[in-house]
Peer 1: 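Once you've had a glance at the structure underneath, I'll fire off some questions.
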Amino acid sequence: MAKMNAQEIAGALEEMAEIMEITGENPFKIRAYHNAAHVVDGLTNLDHLVADEELVKVPGIGKALAEHIAALYKKGHFPEYVQLRKSVPAGVLDMLRIPGVGPKKVKVIWKDMEITSISLLKLACERGGLAKIKGFGEKTAQKILQGIQFIQQHQDQHLYSDALAVAAPILAFLKKHPKVKRVELGGSLRRCKEVVKDIDLVASSSDAKKVMADFVKMPGVESVINHGDTKSSVIIKPGIQVDCRVVSDKEFPYALHHFTGSKEHNVALRTRAKAAGYKISEYGLFKEGKGGETLIPCKDETEFFKKLGLEYIPPEMRENMGEIEAAEKDKLPKLIELKDLTGFFHCHTTASDGKATLDEMVAGAKARGYGYIGISDHSQSAVYAGGLKPAELKKQWAEIDAINKKQKAIYVFKGTESDIHVDGALDYPDAILKNFDFVVASIHGNFNQDMKTATARVCKAISHPACRILGHPTGRLLLAREGLPLDFEQVIDCAVKHDVAIEINANPHRLDMDWRHSFYAHKKRLKIVISPDAHSVAGIDDLQYGINVARKGWWTKADVINTWPLEKVKAWLKRK
DNA sequence: GCCGTTTTCGGCCCGACTGTTTTCAGTCG
């Protein structure tokens, strides 16, 4: 095995935790591994932590895990990991992905029935063998069959934008339900994660049973997984699980907070509350006293946080990335909002691969109240996307000059989205590059580079004097393509040095730069832009998705160039 | 496994739903 990056190490630790669950290790040790996997997944400076032997300083990582992580980083394996993987067949581990099947059931299926793959398990369910085993029954066998069908038919992850589109009509259905008082999205969708596993809803009602009965029968329900008096789960076309929880209206703020998560945020908040003599559950915030516990009434989440001595923490920030500590000290940043944007840069027209003309894009931006728009069609090497040859550029520049002359309501910047060649060079000669108002440099190919080569390539592009924005830095496509492996600390350092902004690409398939890199970026005072990468007028509205992840990365208005007034933007583009 | 403002030992968040039981374990979030 070769050396691993942070995400691969997180996967290995998660795998170890799962194996230990099946073999029946100490549950707290298993939790430590799960927790470490989550922590490592969020680390953006693993190289330095390993090199400086500072892993033990990371909360949740102690001496043992620090050694394991360093070993995985350096050579991709260590004895306990190899041993554990040998102890459980891969097919057995796969069974954990089946909804309703956990480690205890897997152990019985494997040890007592000697079944070692999902396909063999399916056979055993169909032939009735599984239902005869102690602790299992006919209903369990049917449920497992359904679960296997589900994971074989659907990906178990969905783009945020896709999940939101499914959630919106369900939310509307519950909002107009006569027995529903309050209802909100919860879970990772409310926290604006870039990909989500399911849709969570929290509602309040005096007749939960009736709400649940109508919920499992609403339009679009493909199958019902659970149907209880206060909690139900269904599968909605095209294969997204929707969980709904109903509580009394008095309990709503606590339940909403609980089901918004993240799990890590909740655990941290509860642990903190417990130390101060409180208890938190989805039913309330309680003060523990000698006469038992007393409920502390809260009318909404703001009051709930206030009673805990905290500022209101926006859902996007609830990832246990330091938000509780910041809220304690009244140091939470004022997060950016869509209305803060004064204009935007990265978008395309029919001159390259856009669906709308230059005039239509400008009109679309104007109609949405923006004061400027930066046109950046693809550059000449991007043959796949109709990249512009120098002669075509001259034509577009003349058109833009005409628009700017004719009206003053919106200013149009002349730009390009220049491919970054495999060696880091930009795509036009310097004599042409210097005539643009701005250059967005982006990766569109040659993704199979190692981190060192890729980082050097991107840094070279950033260092070009014409480059003002690094577009979608890794080129990833969520749930579809990994993207370039980059050392983001180096890339951010380089961008700061050359006063280049890094883009948060708002296209829901990209959302690149990833919000997890923001924390290092803040330390270095990096500037960013939030760009729609619009290929149509409607694509401009993707900006909201970019705002969502920018909020997850704690970005404020001041850090984002396209919140600035036009004159200040013009000056920055001219390096004044 | 990790962690520490009564701690280096003894804790580690909390509750609903399901199915197979006959009082509860397993799973999920």
Side-chain angles (χ1 to χ4, degrees), chain A residues 13 16-17 20-22 24-39 55-69 80 84 95-109 130-144 146-147 156 186-191 196-202 208 212 216 224-233 241-247 251 254-255 257-276 278-286 288 293 320:
Chain A
L13 295 175
M16 290 180 75
M20 289 189 284
E21 280 177 341
I22 294 173
E25 255 290 358
N26 171 5
F28 296 109
K29 178 175 174 180
I30 294 168
R31 182 189 295 176
Y33 273 78
H34 277 302
N35 184 46
H38 175 79
V39 169
L55 273 168
V56 281
K57 290 187 185 165
V58 179
I61 298 176
K63 189 163 174 286
L65 274 163
E67 281 175 16
H68 294 343
I69 292 164
E80 290 94 323
L84 267 181
M95 293 179 201
L96 287 175
R97 288 169 40 234
I98 304 169
V101 177
K104 300 291 160 56
K105 285 204 177 84
V106 167
K107 188 175 185 180
V108 174
I109 290 165
L130 192 88
K132 295 197 186 84
I133 301 296
K134 191 175 61 182
F136 290 74
E138 191 48 44
K139 285 203 170 170
T140 305
Q142 287 311 312
K143 205 171 176 182
I144 290 177
Q146 276 179 15
D156 56 357
S188 48
L189 199 56
R190 183 165 183 240
R191 301 200 313 279
V196 304
K197 197 162 161 281
D198 57 16
I199 295 165
D200 292 293
L201 293 152
V202 186
M212 290 287 77
V216 299
V224 179
I225 300 172
N226 294 318
H227 179 190
D229 287 349
T230 64
K231 184 178 174 181
S232 300
S233 301
Q241 181 169 331
V242 184
D243 300 339
C244 183
R245 178 61 194 271
V246 185
V247 295
E251 293 161 337
Y254 317 102
H257 176 266
H258 175 82
F259 289 104
T260 297
S262 65
K263 199 169 84 182
E264 291 77 13
H265 167 91
N266 286 356
V267 168
L269 199 68
R270 284 176 182 199
T271 306
R272 179 185 175 276
K274 199 175 168 179
Y278 294 95
K279 189 189 84 174
I280 301 172
S281 81
E282 63 247 58
Y283 296 111
L285 167 62
F286 303 96
E288 312 259 28
E293 47 187 43
N320 198 29

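In this text, all values refer to a predicted model and were calculated from it rather than measured experimentally. A note on names: the letters A, B, ... follow the listed sequences, proteins ahead of strands, and every chain is numbered from 1.
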Peer 1: Take atom CD1 of A:I144 and atom C1' of B:dG26, then tell me their distance rounded to the nearest Å.
Peer 2: 12 Å
Peer 1: Sugar-phosphate means primed atoms, P, OP1 and OP2; the rest is base. With that split, encode nucleotides 14-22 of chain B 5' to 3' as B, S or - using protein heavy atoms under 4.0 Å.
Peer 2: SBSSSSSS-
Peer 1: Rounded to whole Å, please give me the gap between CZ in A:R31 and P in B:dG29.
Peer 2: 17 Å
Peer 1: Whole angstroms only, please: what is the CD1-P distance between A:I98 and B:dT27?
Peer 2: 12 Å
Peer 1: Rounded to whole angstrom units, what separation is found between the CD atom of A:E67 and the C1' atom of B:dG1?
Peer 2: 13 Å
Peer 1: Sequence neighbours excluded, which residues qualify as side chain to side chain donor-acceptor pair (under 3.5 Å) partners of A:Q142?
Peer 2: A:E138
Peer 1: In this structure, how many angstroms lie between the P atom of B:dC2 and the CG atom of A:N26, rounded?
Peer 2: 12 Å
Peer 1: Can you check the distance between B:dT21 and B:dT27, where both ends of the measurement are the P atom (answer in whole Å)?
Peer 2: 15 Å
Peer 1: For A:S188 and A:R191, indicate whether the former's side chain and the latter's backbone hold a donor-acceptor pair under 3.5 Å.
Peer 2: no
Peer 1: Starting the side chain at C-beta, find the nucleotide from B:dG29, B:dC13, B:dG26 nearest to A:T271.
Peer 2: B:dC13
Peer 1: Measure across A:S281 and A:Y254 and return the closest heavy-atom pair with its distance rounded to 0.1 Å.
Peer 2: O-CB, 3.8 Å
Peer 1: Within the structure shown, what part of the strands sits under 4.0 Å from A:P103 by heavy-atom distance: base, sugar-phosphate, or nothing?
Peer 2: sugar-phosphate
Peer 1: Please give me the minimum heavy-atom distance between A:A66 and A:V56, naming the atom from each residue.
Peer 2: CB-CG1, 3.6 Å
Peer 1: Please state the C1' separation for the pair B:dT18 and B:dT23 - nearest whole angstrom.
Peer 2: 15 Å
Peer 1: When the nearest nucleotide of DNA chain B is assigned to A:N266 and to A:V101 on a heavy-atom basis, which residue is associated with the more 5' position?
Peer 2: A:N266
Peer 1: Please report the distance separating the C1' of B:dA16 from the corresponding atom of B:dC12, rounded so that it comes out in whole Å.
Peer 2: 22 Å
Peer 1: My understanding is that a pair needs two contacts under 3.5 Å, Watson-Crick or G-U wobble. By that rule, which nucleotide pairs with B:dG11?
Peer 2: B:dC2
Peer 1: Closest approach of A:T230 and A:M212, non-hydrogen atoms and distance?
Peer 2: C-SD, 3.6 Å
Peer 1: Please report the distance, rounded to the nearest Å, between NE2 in A:H68 and P in B:dC2.
Peer 2: 8 Å
Peer 1: To the nearest Å, how far apart are A:H38 NE2 and B:dG29 C1'?
Peer 2: 15 Å
Peer 1: Checking A:H34 against A:E21: is there a side-chain donor and acceptor pair closer than 3.5 Å?
Peer 2: yes
Peer 1: Could you walk me through whether A:H257 and A:L269 pass the side chain to side chain contact (heavy atoms under 4.5 Å, CB included) test, one step at a time?
Peer 2: CA-CA 11 Å; A:H257 176 266; A:L269 199 68; 3.4 Å; yes
Peer 1: For a quick test of reading the model, state the closest non-hydrogen atom pair linking A:L65 to A:A36 and the distance between them.
Peer 2: CD1-CB, 3.7 Å
Peer 1: For a quick test of reading the model, state the closest non-hydrogen atom pair linking A:Q241 to A:D198 and the distance between them.
Peer 2: O-CB, 3.2 Å
Peer 1: Kindly point out which of B:dG1, B:dC13, B:dT27 is positioned nearest to the side chain of A:A64?
Peer 2: B:dG1
Peer 1: Nearest-Å distance, CE (A:M20) to C1' (B:dC2)?
Peer 2: 13 Å
Peer 1: If I pick the C1' atom on B:dC2 and the same atom on B:dT8, what distance separates them, to the nearest angstrom?
Peer 2: 12 Å
Peer 1: Which label fits B:dT7, syn or anti, where anti is any glycosidic angle not within 90° of 0?
Peer 2: syn
Peer 1: Write out a two-atom table: protein N or O, nucleotide N or O from nucleotides 3-8 of chain B, distance below 3.5 Å.
Peer 2:
{"residue": "B:dC3", "atom": "OP1", "partner": "A:G60", "partner atom": "N", "Å": "2.6"}

Peer 1: Distance between the C1' atoms of B:dC28 and B:dC13, in whole angstroms?
Peer 2: 14 Å
Peer 1: How would you label the contact of A:Y33 with the nucleic acid (heavy atoms, under 4.0 Å): base, sugar-phosphate, or nothing?
Peer 2: sugar-phosphate
Peer 1: Want to settle it: does A:Q241 or A:E80 sit nearer the 5' end of DNA chain B, counting the closest nucleotide to each?
Peer 2: A:E80
Peer 1: Can you check the distance between B:dT6 and B:dG1, where both ends of the measurement are the C1' atom (answer in whole Å)?
Peer 2: 25 Å
Peer 1: Indicate the atoms forming the closest heavy-atom contact of A:N266 with A:H258, along with that distance.
Peer 2: ND2-O, 2.9 Å
Peer 1: Would A:V101 and A:V106 count as a side chain to side chain contact (heavy atoms under 4.5 Å, CB included) if you check the C-alpha gap in whole Å, the side-chain angles of each, and the deciding distance to 0.1 Å?
Peer 2: CA-CA 7 Å; A:V101 177; A:V106 167; 3.5 Å; yes
